[in-house]
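Quantities reported herein were computed from a predicted structural model and do not represent experimental measurements. Chain A is the first sequence line, chain B the second, and so forth, proteins listed ahead of strands; every chain is numbered from 1.
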There are 2 protein chains.
Amino acid sequence: MDSAPPAPPSSPSPWLPFESRRRARDEKREAVLRAAVQLFLEQGYHRVTLNEVAERLNITKPALYNYFRGKDEILFECWSMGAELVDSVITEINAGGGSGLAKLRKLVHAYAGLMATDFGASLVRFDLRDLTERNAGVARAAKKRIDTTFRKYISGGIDDGSIRPCDPKLAAFAIAGALNWIGHWYRRDGGLSPSEIADEFTVRLTEGLATEGRQQMTKKTPRAPQRRNSGRATTGKKRTGGGTR
Amino acid sequence: MDSAPPAPPSSPSPWLPFESRRRARDEKREAVLRAAVQLFLEQGYHRVTLNEVAERLNITKPALYNYFRGKDEILFECWSMGAELVDSVITEINAGGGSGLAKLRKLVHAYAGLMATDFGASLVRFDLRDLTERNAGVARAAKKRIDTTFRKYISGGIDDGSIRPCDPKLAAFAIAGALNWIGHWYRRDGGLSPSEIADEFTVRLTEGLATEGRQQMTKKTPRAPQRRNSGRATTGKKRTGGGTR
DNA sequence: ACTTTTTCTTACCCGTGGGTAACATATCGG
DNA sequence: CCGATATGTTACCCACGGGTAAGAAAAAGT
């Protein structure tokens, strides 16, 4: 018979029922976040009790208070995990070169993929009003940074000629909205893989913006490649995402 | 001489503090919904108490139970108001003619406008998990109808040649996502009017799909482009209708 | 071994807010 | 004017769940 404690379905907890509990503190902390984010997404923050979170980890509620100040802090930390993912994506894109359109496409692709992860989805499915005013402020700032990045890539693309003139603010809203919505409808057991979604959205959300979008038009390189060069001469190998579709 | 009780700021309640309370039942019921939807959007369903809703209407909590079975039914009825708005829009579009693309544009335009209303926003900002299983089922069905309509217009447009071949499912997700997101960021006191948003989104979300997007391609303009320019008073560069370039 | 510190459990508190019972007061048909 | 019916009010109940206190049980230090 299975006298050994039955392993929980997925992402096994560091606290096995009666076993060695010698993991590092940070690992446990993160395990709490993984369990919590999953439950919060499944059932919604307000319907999840700390007892449930604890139970899923084979511990009891007060034990959670060794790692977090309270429920809202757990929520915030989950949210922050997602924000960090996005921030690192942005940092990486900024580090690389490319036209505004190329950067935008990279961002769209990576962001779409993130929306299919738990922490990524938490970014758009959690209600910031559940946080303390202080944490909500941090979160708002992070959102602002992300939004600004979208706009920056778009207006940068307009300047360098890779994107047709448009209102960067509304274009960013439209693109970010379509992406954020992924976090609401994506299901792991659905018919679509994250990479399929990311590939398709990268095309769909930028095809209307590109100056050289279809096979038509003069197929010349981006017209008048950046003359308003503010420093970094990123010319190099552009090839604005033309590839595989 | 306004010796009468001072009217509350906006959307005056039928229950004036000590005055005639002789309005029809349905009007009162709807007044409850208007007050509720506003509070739910402002603060979030779980943070709004029935006492608050009642207070805003100059009544007390138990009085609400004359019109609704409970809090969750109020939520559902608010949601339904939004759903009915969308349904009537769809019915009207279906009644009219036009290519798939034309219908899609009408839907995008109307839907964007709805997202800037309280009941419209409630459609995407309320959590269906707060409803009873029965009501949640109704809501899911309504959402399904809306989604189906988007896809139908798109695949219809592909068939009639007004829309370039693409995956209708993902295209619908992208468009609906961008639109739904309006319900999350739109603020009445922001710098953008609903009609500006609707106009811009109508262009932005369909320009990538149209077979005749830019100045080339066939001539069969299905309908005259909406010259409904109501007020183009914002940031200078914005050529909504024209496919110039 | 022994203390000390960290981690976790049992048992409890208590504010909150949806919901109800019982009663009061309009409103209306006649 | 009078009961019947809608409509509101006051006063209360109580389940729920976040949070805490006090102490057991490991881990770690000595």
Write down the distance between [atom1] ([X]) and [atom2] ([N]), rounded to a whole number of angstrom.
{"X": "A:Phe68", "N": "D:dG18", "atom1": "CZ", "atom2": "P", "value": "15 Å"}
{"X": "A:Lys28", "N": "C:dT6", "atom1": "NZ", "atom2": "P", "value": "13 Å"}
{"X": "A:Asn66", "N": "C:dT9", "atom1": "CG", "atom2": "C1'", "value": "11 Å"}
{"X": "A:Leu64", "N": "C:dC8", "atom1": "CG", "atom2": "C1'", "value": "10 Å"}
{"X": "B:Glu55", "N": "D:dT9", "atom1": "CD", "atom2": "P", "value": "12 Å"}
{"X": "B:Asp26", "N": "D:dA6", "atom1": "CG", "atom2": "P", "value": "14 Å"}
{"X": "B:Leu57", "N": "D:dG8", "atom1": "CG", "atom2": "C1'", "value": "13 Å"}
{"X": "A:Phe40", "N": "D:dG18", "atom1": "CZ", "atom2": "P", "value": "9 Å"}

* **Note: B:Arg125-A:Asp127 ion pair, threshold 4.0 Å (strictly below)** =>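 Not counted as a salt bridge, because no side-chain N and carboxylate O are separated by less than 4.0 Å.
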* To do: Give me the ring orientation class for A:Trp185 and B:Phe173: parallel if the planes are under 30° apart, tilted from 30 to 60°, perpendicular past 60°.
  =>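 A:Trp185 vs B:Phe173 ring planes: parallel.
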* Is the B:Phe150 ring parallel, tilted or perpendicular to the B:Tyr111 ring (thresholds 30°, 60°)? ->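 Because their plane-to-plane angle is over 60°, the rings of B:Phe150 and B:Tyr111 count as perpendicular.
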* Asked: How does protein contact run along nucleotides 18-25 of chain C, one letter per nucleotide 5' to 3', with B for base contact, S for sugar-phosphate only, - for none, heavy atoms under 4.0 Å?
  -> BBB-----
* Does OP1 or OP2 of C:dT7 have a side-chain N or O of A:Arg25 closer than 4.0 Å? ->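 It does, given that an N or O in the side chain of A:Arg25 lies less than 4.0 Å from OP1 or OP2 of C:dT7.
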* Asked: After noting the C-alpha distance and the side-chain angles of A:Glu77 and A:Arg29, does the key distance pass the salt bridge (Lys or Arg N to Asp or Glu O under 4.0 Å) rule?
  -> CA-CA 10 Å; A:Glu77 296 290 343; A:Arg29 211 181 126 96; 3.3 Å; yes
* Asked: For B:Thr49, what residues pass the side chain to side chain contact (heavy atoms under 4.5 Å, CB included) criterion, not counting sequence neighbours?
  ->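 Scan of B:Thr49 (side chain to side chain contact (heavy atoms under 4.5 Å, CB included), adjacent residues dropped) gives B:Asn51, B:Glu52.
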* What pairs with B:Glu42 under salt bridge (charged side-chain N to carboxylate O under 4.0 Å, His left out), at least two apart in sequence or on another chain? ->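 Partners of B:Glu42 by the salt bridge (charged side-chain N to carboxylate O under 4.0 Å, His left out) criterion, ordered by chain and then number, come out as B:Arg56.
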